[in-house]
Amino acid sequence: MNQTNLYKIQPTGTDANGSALFEISINKDCEIFRGHFPTRPVLPGVCSIEIIRESLSIMVGRDVHLSKISQCKFTGMVNPLQDSVLNAVILLKSSNPQVESEVVAEILCRGRSVLKLKGSFFTGRSRKKINYIVLIPTYNNSATLEEVVKSVNEICEDIVVVNDGSTDSAAEILSAPCLSGLKGLTVITHQKNRGKGAALKSGFAFAAQRGFDYVVTIDSDGQHYASEINTLLEATHQEPETLWVGSRELGCKNMPGKSTFANRFSNFWFRVETGISLEDTQSGFRIYPLKKMGKIRGITGRYEFELEVLVRAVWSGIEVKNIPVRVYYPPIEERVSHFKPLVDFTRISFLNTLLVFIALLWWWPLSFFRWFSRENLKVFIKKHITESQESNGKIAKSVGLGLFFGISPLWGYQMITAVAAAHLLRLNKVIVLVSSNISIPPMIPFILYGSFATGAIILREPLSFIPSSLSLTSISESLLQYLTGSVVFATITGLTGWLVSYTLLKLFRKKRQ
């Protein structure tokens, strides 16, 4: 963080206990304090921890990295307008360069403790530098664009700005000497506005061509602090194959109400589509493991692309996680937003409909098929059946209900309706969900044949698994035979599953204490 001009660290010697002493001068005019806590600027706690890390690096003569914090107590706050000088006292208990070193550290302000920390820092060879580029998509954000690019440049020289057909002064700003002279800055221009998704795709393609391993994306509206890029990089050091999404504090000062609702709406459908719960799926502040993701594809090209790419990343086996980041929303009179509630919300709704359909037909059955192993089955039976506190009748009803919905003619919505019904009937949702997976691809031919055969018996018609002709009449007759048969076949299978399950449970399951 020294390179951001936030503070300067100066060693001042050692005390009688052998602890290293440092003096830290804080730059009260640094951009990190602008607009944030306007009446009482506060030095973020993460900066205090970074001060300790950098001081340790000075002590051992090379870059060191946090590996574990066993104790971290913030015992006071630092207002840089009033307290621009801090002192650090750091004791390094071991100095073997090949192992973790135990550290006890304290930061003082006017002799009063503001942070006490105990932990371990790795003092061996420096970690491999992350090969990344920062991507800034922009559309008519001329008021904040220059400041965002400059603040990012203080963290990383490799920057690509995609001007997505801006009609304001963005082109002039990007070509002005103050920005065009920056080393490592590339500008890609779309002659017409194609949407944020298209801008991101152009930036990803550029990064891949230049051989970067990661792409950090940050919006040009000034919402995110460039210094938080270090937060994403630290997380990537810990888990290099994870797609990290900066999680904003929902409901913070000046945050639009529609943003909070839209984010919760998006989080809900993301969980339905992937089974993963995130706090923020709409944040544009992310770090993408580009090599892991391969060629990023998507059918969308505007705001909804950021949700689609998260879903597709999970479907491709990439972990997606949130990490908290600071965020700033200007007052409403200064705010610039290109989100069109009706149009963009409609696009997002159509996308979610498609993704849910794909998830229910492909992703969830595939996940169940991958999950279905002897070990997982043993754990499932132990947790939900043999050692469950639920009665035999309730477990058997859950099995029967799942089988019923798995065969019923609700293709694409079988599992979600099964879980909804289980909730209403207060049955075991997990057992219902697992049982509904009877409709996995290998079983589909048998389910279809059983449905048609049952329908033929009930309607007293010849089996019309394949219509005799492509006339409207023959197709209608075949569809009626399937719908009638599938409902009856599902009911019979569900009742059979309930009866067989209940009988086996009564015979072999131990009585509940």
Side-chain angles (χ1 to χ4, degrees), residues 264 267-279 281 311 314-315 317 319-321 352 355-444 446-447 489-513:
R264 289 173 178 168
N267 295 348
F268 169 78
W269 288 111
F270 178 78
R271 185 174 183 180
V272 171
E273 292 150 6
T274 65
I276 296 174
S277 179
L278 291 183
E279 296 177 354
T281 54
V311 174
V314 173
W315 289 355
E319 262 199 287
V320 176
K321 293 183 179 181
N352 280 317
L355 294 178
V356 168
F357 187 75
I358 295 173
L360 293 175
L361 284 182
W362 171 72
W363 167 250
W364 282 109
L366 179 62
S367 299
F368 175 77
F369 188 76
R370 289 172 175 170
W371 170 87
F372 199 86
S373 65
R374 178 180 295 180
E375 187 62 31
N376 286 337
L377 193 59
K378 286 171 63 177
V379 172
F380 172 81
I381 292 174
K382 182 178 180 180
K383 180 177 180 180
H384 295 282
I385 298 178
T386 57
E387 296 185 3
S388 172
Q389 295 300 306
E390 294 177 337
S391 66
N392 293 338
K394 194 170 185 178
I395 295 174
K397 288 176 184 177
S398 300
V399 172
L401 185 69
L403 292 174
F404 170 80
F405 278 103
I407 296 175
S408 63
L410 298 171
W411 296 100
Y413 296 93
Q414 291 165 316
M415 286 183 285
I416 196 168
T417 52
V419 172
H423 178 74
L424 292 174
L425 297 173
R426 298 183 179 180
L427 298 178
N428 188 307
K429 299 183 186 67
V430 177
I431 294 178
V432 170
L433 184 61
V434 171
S435 301
S436 69
N437 274 279
I438 190 175
S439 57
I440 57 176
M443 295 295 296
I444 289 176
F446 300 99
I447 292 172
F489 185 47
T491 302
I492 294 172
T493 304
L495 290 172
T496 302
W498 165 76
L499 181 60
V500 172
S501 300
Y502 185 76
T503 302
L504 292 175
L505 289 169
K506 287 289 288 183
L507 290 174
F508 300 106
R509 189 188 184 208
K510 294 180 180 179
K511 290 185 178 181
R512 292 186 302 136
Q513 297 297 323

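What's counted below: heavy atoms across the whole structure, side chains too, no hydrogens, waters or symmetry copies. Count residues from 1 along the sequence.
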Output for pair (Lys394 NZ, Leu425 CG), nearest 0.5 Å, gives 10.5 Å
Would you mind reporting whether Thr496 and Val500 have side-chain heavy atoms less than 4.5 Å apart? yes
Interatomic spacing from CD1 in Ile407 to CD1 in Ile492 - rounded to 0.5 Å: 9.5 Å
Can you tell me how far apart CG (Leu499) and CG (Leu504) are? Round to the nearest 0.5 Å. 9.5 Å
Is Arg271 salt-bridged to Glu273, cutoff N-O under 4.0 Å? no
Supply the atom-to-atom distance Phe508 CZ to Thr503 OG1, rounded to the nearest 0.5 angstrom. 10.5 Å
Are the side chains of Trp315 and Thr274 in contact, using a 4.5 Å heavy-atom criterion? yes
Within-4.5 Å side-chain heavy-atom neighbours: Trp269 and Leu355: no
Taking side-chain contact (heavy atoms from CB on, under 4.5 Å) as the test, write out the residues that go with Leu495, two or more places apart. Thr491
When rounded to the nearest 0.5 Å, the distance separating OG1 of Thr281 from CG of Asn267 is 4.0 Å
Spacing of NZ belonging to Lys506 relative to OG belonging to Ser501, to within rounding of 0.5 Å: 14.0 Å
Can you tell if the side chain of Ile395 reaches within under 4.5 Å of the side chain of Tyr502, non-hydrogen atoms only? no
For residues Val419 and Thr417, determine if any side-chain heavy atom of one lies less than 4.5 Å from a side-chain heavy atom of the other. no
Can you give me the closest heavy-atom contact between Phe270 and Ile276, atom names plus distance? CD2-O, 3.4 Å
Is it the case that the side chain of Thr493 and the backbone of Ala490 share a donor-acceptor pair, with hydrogens and angles ignored and the cut-off at 3.5 Å? no
What closest approach, in Å, do Leu427 and Ser398 show between heavy atoms, and which atom pair accounts for it? CB-OG, 3.4 Å
Nearest non-hydrogen partners of Arg509 and Glu390, listed with the distance: NH1-O, 2.9 Å
Quick check: do Phe405 and Leu410 have side-chain heavy atoms less than 4.5 Å from each other? yes
